[in-house]
Amino acid sequence: MKNNKPNPVIGITYGTYDLFHIGHKRLLRRIKKYCDVLIVYASSDEFNLIKGKKSFDNFEIRKRNLLNSNYVDEVYKEEKWDQKKQDILRHNINIFIMGSDWKGKFDDLNEYCEVKYLKRTPFISSTKLKKKITKKNEKNKL
Ligand code: CTP
């Protein structure tokens, strides 16, 4: 018997997703419009250190926040810069989407799937939130 069920469109994205904020949520909501299943590779705590970042939330907390967003189906660890091609092939990814701050950076992955960049939400970032928290903590110490 022929199976007429269409294959689900599988999307992938990458990022740290520290201090999960409205910019993250808006991006994931818009990405989910392009796919049925959304896979996020969130940077591991070790990879963040390699990138010169120290995340406020550890990987397990960031993973939980992503899954709680209602837009994300699966979360895995990003451990190194050059794993994307393997991830795309392993999961049979149809579309790779990132925020516009990465525009053009991953165009070479076009060989394996569609590559798209969506406009970043202005005025908010994990870095800004981290700075605010640090400032508040310092003020409270006085
Ligand atoms: N992103 C977005 N709008 C924002 C912040 C992030 O669309 N205001 C997107 C990024 O373009 C990326 C994804 O969210 O595709 C994850 O980004 P991440 O670097 O984890 O978030 P930032 O807030 O940019 O973190 P940082 O300040 O550490 O760079």
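Remember, it's 1-based here, ligands and their atoms both numbered in the order they're listed. The basis for the numbers below is simple: all heavy atoms, side chains too, and nothing from hydrogens, waters or symmetry mates.
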Check: [X] N/O within less than 3.5 Å of ligand 1 N/O:
| X | answer |
| --- | --- |
| Y14 | no |
| H24 | yes |
| R30 | no |
| K119 | no |

Proximity to ligand 1 by part of T16, non-hydrogen separation under 4.0 Å: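 Both backbone and side chain.
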L27 and ligand 1 - part of the residue with a heavy-atom distance under 4.0 Å: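 The answer is the side chain.
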For [atom], what's the nearest protein heavy atom and its distance?
| atom | result |
| --- | --- |
| atom 25 (O) of ligand 1 | S126 OG, 3.4 Å |
| atom 27 (O) of ligand 1 | T127 OG1, 2.4 Å |
| atom 2 (C) of ligand 1 | R120 CG, 3.4 Å |
| atom 16 (C) of ligand 1 | Y17 CZ, 3.6 Å |
| atom 29 (O) of ligand 1 | K53 NZ, 3.5 Å |

Which of the ligand 1 atoms, numbered from 1, are nearer than 4.0 Å to a heavy atom of [X]:
| X | answer |
| --- | --- |
| I124 | 4 (C), 5 (C), 8 (N) |
| S125 | 23 (O), 27 (O) |
| G99 | 11 (O), 15 (O) |
| D101 | 10 (C), 11 (O) |

Test item: L38 and I97 side chains (from C-beta on) under 4.5 Å apart, heavy atoms: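 Not in contact.
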Min heavy-atom dist H21 to ligand 1 below 4.0 Å: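 Heavy atoms of H21 do come under 4.0 Å of ligand 1.
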Verdict with supporting geometry, H91 and Y41, side chain to side chain contact (heavy atoms under 4.5 Å, CB included): CA-CA 12 Å; H91 295 287; Y41 270 82; 2.8 Å; yes
When clusters are formed by joining ILVMFWY residues with side-chain heavy atoms under 4.5 Å apart, either directly or through shared neighbours, do [X] and [Y] land in the same one?
| X | Y | value |
| --- | --- | --- |
| F106 | L89 | yes |
| V72 | V37 | no |
| I10 | F96 | yes |

Closest heavy-atom pair and its distance - E79, S44: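 Shortest heavy-atom contact: OE1-OG, 3.3 Å.
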Ionic contact status for R62 with D45, cut-off 4.0 Å: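 Salt bridge present between D45 and R62.
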Check against side chain to side chain contact (heavy atoms under 4.5 Å, CB included), N68 and F20: CA-CA 10 Å; N68 282 345; F20 194 82; over 6 Å; no
Polar contact flag, side-chain donor to acceptor under 3.5 angstrom, Y14-D87: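 A pair is found: one side chain offers a donor N or O, the other an acceptor, under 3.5 Å apart.
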Separation of I93 CD1 from I39 CD1 (nearest 0.5 Å):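 Atom-to-atom, I39:CD1 and I93:CD1 are 4.0 Å apart.
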